[in-house]
Amino acid sequence: MSKFKIMNIINHKIKILSFITLSSGLFFISAQSKISTKTETPKSQSVKVVPTNLKWSERMMLSEMHRFPEAWMLDFSKSPKWTYPSAIVLDGAEKLYAKTGKKEYYDYISEFGEKLIKDDGTILTYELEKYNIDMLNSGNVLLYLYEKEKKEKYLKALQTLRLQIDGQPRTKEGSFWHKKIYPYQVWLDGLYMGMPFYTHYTKDFTKGSDALKAYDDIVFQFDSVQKNLLDKKTGLLYHAWDESKEQAWANKETGLSPNFWGRAMGWYGMAMVDVLDFLPKDHPGRARIISYIKSYADAVIKVQDKNSGLWYQVLDKPLEKGNYEEASASAMFVYTIIKSVNEGYLPQSYKAAAKKGYDGIIKNLITVDENGVVNLNKCCAVAGLGGKPYRDGSYEYYVNEKIRSNDGKGTGPFILASLEFEK
């Protein structure tokens, strides 16, 4: 064989070997890239803290549990204290546990009771002698836990809260003062804070003539509010009434505060529909409360924004400077109306207004983070009357109070409203 041919053969074999080596390298690189792609895929998919395929009730509840890992934190509390907003959200948790059977909801409620009630039945940070009707609302959580767990400490705590009702100062005709430090004052807020607890406690623990007397007293609280706080022209109710007419915020002739605050009306509506859960079907006052709900719903629907379906911080002044569509009042009105329809207190025709309001909340006030966590925006943080610094109940006062997101006074009613729509 010639030297030239031998060189050709060697060159040819070198080319083949180079090609095989190169191909192997390309294959290795290709295989490696496939492996790394597979490894990185989960990282590129954002993990949802709150699954978006759940109903709104669960999405909001899980979001609250994510924001506030312990239920005592729900009012933005830095340390455990006995307040009322937690109970509203936990009402939703109770109903979600009944609906889904998911233990995480029950545990969230149960841990609240464990944290706030000492072994001897003492309620953390609670002072009976202040006679603050707000403090009765979280008693609803203890009624639930005692029914489920039968712990003696919950019964003792409940009996303490019931003692507050016996000693709560009253107006001359028998309406509860809102707090001992607010003499002769009846606030709409107080009907929600005290009456569902009073009614539920009576149903569970009081018998015979004592029970009848308590039920009569409960219905009277609503009768008195309708008599003293109702504006007959609009059908709306003022935030508060001072029997003594001494407060700077009180009208010197009527004793009424000057404005219709959205959330105050919201509290009142929720109070009526929730009390009816426990008031005996044959109690004569039941029909009166249902008639109040009808009058209330008619008045509320008249001030509902026709475009957004929402309600304003000051209900009857939507066009005034600084007024805004407020989340907690909107959620409370929606809950009151849709629950009333579902329970037969209102005709089916009222459902349209509730649905318009509910859709308006989701469209205008709800935002969802990338991780699925749901936020409810434009909640009035707090509003009241009197105190220090003095709150005068003026329009300017209400629209300039702090606004925040994810306040339990808004998220709780939203969860409850959602559950009514999901039935």
S.K.: Quick check: are there more than 12 heavy atoms from other residues, nucleotides or ligands sitting under 6.0 Å from NZ of Lys150?
M.R.: yes
S.K.: Do Arg170 and Glu243 meet the salt-bridge criterion of a basic N to acidic O distance under 4.0 Å?
M.R.: no
S.K.: Go through the structure and list residues passing side-chain contact (heavy atoms from CB on, under 4.5 Å) with Arg404, not counting sequence neighbours.
M.R.: Asp75, Phe76, Ala381, Asp407, Lys409
S.K.: Might you point out which heavy atoms bring Ala417 and Val334 nearest each other, and give the distance in Å?
M.R.: CB-CG1, 3.9 Å
S.K.: Assess the side chains of Asp204 and Tyr146: does a donor N or O sit below 3.5 Å from an acceptor N or O?
M.R.: no
S.K.: Taking atom types as modelled and ignoring hydrogens, do the side chains of Asp242 and Gln247 form a donor-acceptor contact shorter than 3.5 angstrom?
M.R.: no
S.K.: Does a side-chain N-to-carboxylate-O contact under 4.0 Å join Asp223 and Lys227?
M.R.: no
S.K.: Using the ring centroid of each side chain, check whether Trp187 and Tyr182 are separated by less than 6.0 Å.
M.R.: yes
S.K.: Do we see a donor-acceptor contact under 3.5 Å between the side chains of Asn137 and Asn140?
M.R.: yes
S.K.: Can you sort out the partners of Lys130 under side-chain contact (heavy atoms from CB on, under 4.5 Å), two or more places apart, ordered by chain and number?
M.R.: Glu127
S.K.: Please enumerate all residues that pass ring pair (Phe, Tyr, Trp, His ring centres under 6.0 Å) together with Phe278, with sequence neighbours excluded.
M.R.: His200
S.K.: Would you give me the side-chain donor-acceptor pairs under 3.5 Å for residues 208-216, sequence neighbours excluded?
M.R.:
unit_1	atom_1	unit_2	atom_2	d
Tyr215	OH	Lys203	N	3.4
Asp216	OD1	His283	NE2	2.7

S.K.: With no hydrogens and no angle check, do the side chains of Tyr154 and Glu147 hold a donor and an acceptor under 3.5 Å apart?
M.R.: no
S.K.: Would you indicate whether the side-chain heavy atoms of Glu111 and Asp107 approach each other to under 4.5 Å?
M.R.: yes
S.K.: Without placing hydrogens or testing angles, list every side-chain donor-acceptor pair under 3.5 Å for residues 87-96, not counting sequence neighbours.
M.R.:
unit_1	atom_1	unit_2	atom_2	d
Asp91	OD1	Lys95	NZ	2.6

S.K.: Could you verify whether a donor N or O on one side chain and an acceptor N or O on the other, from Glu58 and Thr100, lie under 3.5 Å apart?
M.R.: no
S.K.: List the residues meeting salt bridge (charged side-chain N to carboxylate O under 4.0 Å, His left out) with Asp274, not counting sequence neighbours, and say none if there are none.
M.R.: Lys339
S.K.: Residues in salt bridge (charged side-chain N to carboxylate O under 4.0 Å, His left out) with Glu401, at least two apart?
M.R.: none
S.K.: Report the residues that fulfil ring pair (Phe, Tyr, Trp, His ring centres under 6.0 Å) with Tyr292, sequence neighbours left out, ordered by chain and then residue number.
M.R.: none
S.K.: Do any pairs count as a ring pair (Phe, Tyr, Trp, His ring centres under 6.0 Å) and have a residue in residues 303-324, sequence neighbours left out, and if so which ones?
M.R.: Trp311-Phe333
S.K.: Could you give me the CA-CA distance, side-chain angles and deciding distance for Tyr350 and Ile301, then say whether side chain to side chain contact (heavy atoms under 4.5 Å, CB included) is met?
M.R.: CA-CA 9 Å; Tyr350 283 73; Ile301 290 168; 3.6 Å; yes
S.K.: Is there any salt bridge (charged side-chain N to carboxylate O under 4.0 Å, His left out) pair reaching into residues 324-335, and which pairs are they, with sequence neighbours excluded?
M.R.: Arg263-Glu326
S.K.: Between atom CD of Gln313 and atom OH of Tyr398, what is the distance when rounded to the nearest 0.5 Å?
M.R.: 8.5 Å
S.K.: Once ring pair (Phe, Tyr, Trp, His ring centres under 6.0 Å) is applied, do any residues pair with Tyr395, and if so which ones, sequence neighbours excluded?
M.R.: none
S.K.: Could you pull out all residues at least two apart from Tyr358 that satisfy ring pair (Phe, Tyr, Trp, His ring centres under 6.0 Å)?
M.R.: Phe414, Phe421
